[in-house]
Amino acid sequence: MSENVVHLHKPADPPTPDTAPTVLTVVPDAPPAVPVPLWVRSGRAVKTAATHETTRATVRAAARHSLYTFNGGRIVARRAWDGRTGARYERMIRAAEAAGNLEAAEEWEDRLQRFRAARHHRRMDLLHSPVEAAKGAAVGTGMSIGVLVALGVVMALNTGHVGDVITPLTATVDFIALLIRIVQVVWGPALAIGPFLALLALWSVGRKQHAAPAWALPANARSSEGEPITPSIVVKALRDLGVPALARAIKEMGDAGASMLGPIRIAGCGVEVDVTLPSGVSTNEVQSKRRKLAENLTRHEHEVFITIPQAARTVRLWVADSGALDEPIGPSPLVTDDTMTADYAKGKAPWGQDLRGDAAALSLYQRHLLITGLSNQGKTVALRSLALWLSLDKSVQFLLGDLKGVGDWAMFDGLATTLIQGPTDEHVIQVTEMVEGAVTEMNRRIQAPPGTVFPPLIVLVDEAQVAFMCPAKDAEKRPYGGSKANSRYFMAVRKIHNQGRAVNVLMWQGTQDPTNENLPKLVREGAHTRASLALGTESQARMALGDKAVDGGAAPNLLRPGLDRGTLVVASDGITIPAGQSSLTVRTHYIDDDDATAITDRAKALRDGVTTLHAIERGADHDSLADIAAVVGDAPRVRTKDVLARLAARNADAYGGWSFIDLKRVLDDAGAEPYKSDGVMVVARDRVARALADRDTEGSVSGDG
């Protein structure tokens, strides 16, 4: 047990009785300091020096320049070997055979034979060249001496000195001696400097080819962001993909691995190339390594897409320009062209752009629709933009249920026949009864005479997962949510999927984070057009788009949540998809609430006026004539079949089974008979209003029910 030491501390100033009492402080014994061994301090110093950035940079530089020289020598030796032998031609032949191109293989074999014949001819010439060279040298020397002597004779005749005859010969000998002396002086330094110059030349070759590992290269050489895509880059990326059979095949081909590639075509904000894989390499082996392939191409994962075209053993690579996909696309034509109208049967909705930069338009004719994705990825905006375009066709009717209830669909008030907004169980019940009313209308249309043409009725439910997961039950203990045979919402959707298309009753749904619980299998497979924004897993992608699309390269799970907001993958025959692909990636236009309101205002101007219901009326007591007046609204006249559809949506229990005869009976009794206008039967607003006014004056109330 340690002892305590008592220290007496006194102030530095002279103490006074009032201000400077003695202070007692109790300090426990401190443990004795343990000296750090010298070898520990030395080890720490060595570790610090070894891990310092300067040391690491020095090691990288030494390794880089050494490998530049070594690999530069390999490159020069390879080039020399290729120039002296037929190795290059043999590699080309193997590459053509591996690609199955026998014509190219025969052509390269012919070139190899011509090269060998020319080489044999040169070698045979070398057997006779020494004799020919000796003869040529003797003849040349004799002629040269003769010329010099003749020149000396001319000089002697000119000067009168006989000694000038040998002057040219003497000058020539002196010149040769000077050259010999120069060589003798330079030869020693040249022998000393020559190896260094040779090493410098090899280093230069290696540096230009970046012949060193990536970790040893300088930062500006390692980062090749935005590097153009060339055949050699694609081949190297495939070779380093980690697929042994592919790497072996490319190694055998050598530089001719580019024979696997089709033409590199500019495609929108990137390039596209088809790669024919060697025998023994499957397409899914390449698909499964998308991230590594992208990094080998100096791109991010989201900038490379791999699809499967029709050709066997072929993958299609689309590689974006670096950073291009992070740039926004232009505004929607719905916003820029205020004269645009829609045609449900023949037109296509301008939805956005594909990766090539081409306009992506979707046909909505007789196609059920499902859009899914994680929360806050642009699902409602993508779904709403399709509804906004279709609203510009005045024949289209909407029944809308927004189970988020934050006003994303508020601009459809006065345009949709029914608009229910809210996330509670009561709102789910209302939406379920709205969908069941559409089923009743569908059955009425099915029973109509053959050849009858019906206006499109779009039943749209946003945040449909809320309905599927609703625990509420009705009075008969039937659940509204779930995926069982007694689930009311599930069964209503299934009925529309089964028969609605034929009579233009279509089901559109938007849902989050698809699972078997919030998006049952039978419902998601009933949609003709399936689209998905960013998702978390491949299993969710399969639920959203189906196995065929995912196996064909669709990968919404690889989109970046938040960064790729508004980008979705579409599987549908209603959009133009390149041959051999099963899906298309679309970057959708963003239409904000203000622009959406302006578009719906234009759509409302095309119509005579629509009274939007915000709840489904229930109960046995109803006033048929008043309900007819309510659904007619402010329009001067409405077609009888539209009145019947609106009545069914207003109160499915009361009017779901009504036919034209039932409607005519009520109107005839009230004195507001329907009549023909432009060849179709219509109900006049003024007649119905007059009948109501007369009835109220007389004090008689009609309560059909």
Side-chain angles (χ1 to χ4, degrees), residues 368-376 379-380 383 398-406 408-409 416 418-443 457-500 505-527 530-532 535-537 539-540 542-544 613-618 648-649 651-653 656:
H368 301 303
L369 175 68
L370 172 65
I371 299 181
T372 187
L374 298 177
S375 177
N376 197 31
K379 169 179 52 62
T380 296
L383 183 61
F398 292 94
L399 302 177
L400 297 182
D402 176 15
L403 293 177
K404 185 188 297 181
V406 295
D408 290 335
W409 297 89
T418 302
L419 175 59
I420 299 170
Q421 303 178 88
T424 66
D425 289 349
E426 177 58 29
H427 291 102
V428 172
I429 294 171
Q430 294 279 335
V431 168
T432 300
E433 293 176 348
M434 179 191 76
V435 178
E436 290 175 338
V439 173
T440 302
E441 168 62 12
M442 176 189 72
N443 292 333
L457 176 60
I458 306 300
V459 186
L460 191 154
V461 180
D462 196 9
E463 304 296 341
Q465 77 279 355
V466 178
F468 284 113
M469 300 183 73
C470 177
K473 296 182 179 181
D474 62 13
E476 299 178 2
K477 303 300 182 181
R478 292 185 302 166
Y480 287 93
S483 59
K484 296 182 178 179
N486 62 343
S487 168
R488 292 182 59 177
Y489 179 79
F490 171 76
M491 291 306 298
V493 172
R494 287 293 300 142
K495 289 175 181 177
I496 294 178
H497 278 175
N498 290 338
Q499 296 179 295
V505 177
L506 302 177
M507 191 76 209
W508 291 10
Q509 294 183 97
T511 183
Q512 291 183 14
D513 194 16
T515 64
N516 286 322
E517 289 73 25
N518 62 26
L519 187 59
K521 182 175 185 293
L522 293 178
V523 170
R524 60 181 185 253
E525 292 184 350
R530 299 167 72 173
S532 176
L535 290 173
T537 64
S539 62
Q540 290 178 330
R542 292 184 180 276
M543 291 181 185
L613 303 178
H614 297 282
I616 303 299
E617 296 184 359
R618 307 188 186 95
N651 192 335
D653 294 334

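Since the structure is predicted, the reported quantities are computational estimates derived from the model, not experimental observations.
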Inset, instruction - Quick one: pull up CG in Leu400 and CH2 in Trp508 and give me the separation to the nearest 0.5 Å. - result: 10.0 Å

Inset, instruction - Locate the shortest heavy-atom distance separating Tyr489 from Met507; write the atom from each residue and the value. - result: OH-CE, 3.8 Å

Legend entry - Nearest-0.5 Å distance that lies between atom CD in Gln430 and atom CD in Glu426: 5.0 Å

Inset, instruction - Drop me the distance from Leu613's CG to Met434's CE, to the nearest 0.5 angstrom. - result: 11.0 Å

Legend entry - Non-neighbouring partners of Asp462 that pass salt bridge (Lys or Arg N to Asp or Glu O under 4.0 Å), sequence neighbours left out: Lys379

Inset, instruction - Show the numbers, then the answer: is there a side chain to side chain contact (heavy atoms under 4.5 Å, CB included) between Asn516 and Arg524? - result: CA-CA 10 Å; Asn516 286 322; Arg524 60 181 185 253; 3.0 Å; yes

Inset, instruction - Would you please name every residue forming a salt bridge (Lys or Arg N to Asp or Glu O under 4.0 Å) with Lys521, sequence neighbours left out? - result: Glu525

Inset, instruction - Would you confirm whether His427, through its side chain, and Leu403, through its main-chain N or O, come within 3.5 Å as a donor-acceptor pair? - result: no

Legend entry - Atom of Gly481, atom of Ser487 and distance for their closest heavy-atom approach: O-OG, 2.7 Å

Legend entry - Atom of Glu436, atom of Ala492 and distance for their closest heavy-atom approach: CG-CB, 4.0 Å

Inset, instruction - Work out which heavy atom in Thr418 is nearest to a heavy atom in Ala649; give both atom names and the distance. - result: OG1-CB, 4.0 Å

Inset, instruction - Measure the spacing between CG of Asn443 and CD of Gln499 and express it to the nearest 0.5 Å. - result: 6.5 Å

Inset, instruction - Examine distances only and state if a side-chain atom of Arg494 and a backbone atom of Leu522 form a donor-acceptor pair shorter than 3.5 Å. - result: yes

Legend entry - Nearest heavy atoms of Asp425 and Pro471, plus distance in Å: OD1-CD, 4.0 Å

Legend entry - Arg530 side-chain N/O to Leu370 backbone N/O, donor-acceptor pair under 3.5 Å: no

Inset, instruction - Step by step, work out the side chain to side chain contact (heavy atoms under 4.5 Å, CB included) result for Leu519 and Gln465. - result: CA-CA 6 Å; Leu519 187 59; Gln465 77 279 355; over 6 Å; no

Inset, instruction - Could you tell me whether the side chain of Leu535 reaches within less than 4.5 Å of the side chain of Met543, counting heavy atoms only? - result: no

Inset, instruction - Check Phe490 against Ser483 and note the closest heavy-atom contact, atom names and distance. - result: CE2-O, 3.5 Å

Inset, instruction - May I have the step-by-step check of side chain to side chain contact (heavy atoms under 4.5 Å, CB included) for Trp409 and Thr380, ending in yes or no? - result: CA-CA 9 Å; Trp409 297 89; Thr380 296; 3.8 Å; yes

Legend entry - Spacing of Ile496 atom CD1 and Leu457 atom CG [to the nearest 0.5 Å]: 8.0 Å

Inset, instruction - Take Leu506 and Leu369 through the side chain to side chain contact (heavy atoms under 4.5 Å, CB included) test and state the conclusion after the steps. - result: CA-CA 8 Å; Leu506 302 177; Leu369 175 68; over 6 Å; no

Inset, instruction - Indicate the ring-plane relationship of His497 and His368, choosing parallel, tilted or perpendicular according to the 30° and 60° boundaries. - result: tilted

Legend entry - Flag, side chain of Thr372 to backbone of Ser532, donor-acceptor distance under 3.5 Å: no

Legend entry - Sidechain-backbone polar pair: Asn518 side chain, Thr511 backbone, donor-acceptor under 3.5 Å: no

Legend entry - Atom pair CD (Glu463) and CG (Leu383), whose distance is rounded to the nearest 0.5 Å: 10.0 Å

